[in-house]
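Read the numbers this way: they start at 1 and go in the same order the structure lists the ligands and their atoms. This is a predicted model, so every value here is computed, not measured. Positions are given from 1 along the sequence.
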Amino acid sequence: MPLPEPIIALTAALSKLPGVGPRSAERIALHLVQSESAQVRHLAETMTAARERIRFCEICGSLTEKSPCEICDDSRRDVSLVCVVEKAVDILSIEKSGTFRGKFHVLGGKISPLDGVEPDDLRIGELEKRLGNEPIHEVIIALGTDVEGDATSNYLAKRLGRPGLKVSRIGFGLPAGSGLEFADELTLNRALEGRREMTP
Ligand SMILES: [Zn+2]
C-alpha cells in the first residue's frame, strides 16, 4: 500500500529543505502526522511568522526584523571599518568573537563562474555606494579561504581600490578551504587582528 497522498506531498515539500534527503523527509513527515495537532500548528505558525517578520537590511544585507538593522543603526560602532562577509550568518560568527566593532556588508555569495555566479549577482554595487556615502577608511574582506573566496577577494581588492581606502583580508590561522562557520572565536579574533592589506 502506498503512503496516503498528504504524507507524500509533505515529504516532497520537506525534501526541498537544505540538508534534508528523501529518507529524512519521509521520517519527519511521518513524525508530524502522528504528533499532537497543536504542536504541528505551532511549528507551522512559527515558520510563517519568522518568514514574514525577517527581511534583509537595506544597508548591509543582514537578516533583520527592522531595516536598517541594529548594527547599522548603532552609533557606537566604528563607521570607518566595514567587514565584508559572504552570508548573513557569517555576521553572527564574527559578532560572537566579540572584538570587531565596525560595520558589516553581506555579499550574498562568492564569484563562481562555474555555478553561474558573476560579480553582478553579488551586492558589490551596494558596497561601492556605501563607500561614497559613508566615511569608510578600511574594507576588511572576511571570505572563506577556498578558490572562490580567493578569486572574489582579489576581484574586490581591484574593483574597490581607491585613494584613502585600505582593503585588507583576514586569513591568518583560518582553516584552508573553508568558511567562517568552521572557525572558533579565538581563531576568528586572530584572523581579524592579523589581517593583511591587499594590493590591487
Ligand atoms: Zn544592516
Step by step, would you call K110 with E86 a salt bridge (charged side-chain N to carboxylate O under 4.0 Å, His left out)? CA-CA 7 Å; K110 290 177 287 191; E86 180 192 345; 3.5 Å; yes
Under the rule for side-chain contact (heavy atoms from CB on, under 4.5 Å), what residues qualify as partners of R77, not counting sequence neighbours? I71, D74, E95, F100, R101, K103, F104
Are the side chains of V139 and L156 in contact, using a 4.5 Å heavy-atom criterion? no
Reported CZ-to-CG distance for the pair R190 and D184, which is rounded to 0.5 angstrom: 8.5 Å
side-chain contact (heavy atoms from CB on, under 4.5 Å) with R159: of N154, I124, V167, only one passes, and it is I124
Any salt bridge between R195 and E138, counting N to O under 4.0 Å? yes
Atoms named by residue and atom, protein N, O or S, within reach of the Zn ion (ligand 1) (under 2.8 Å): C57 SG, C60 SG, C69 SG, C72 SG
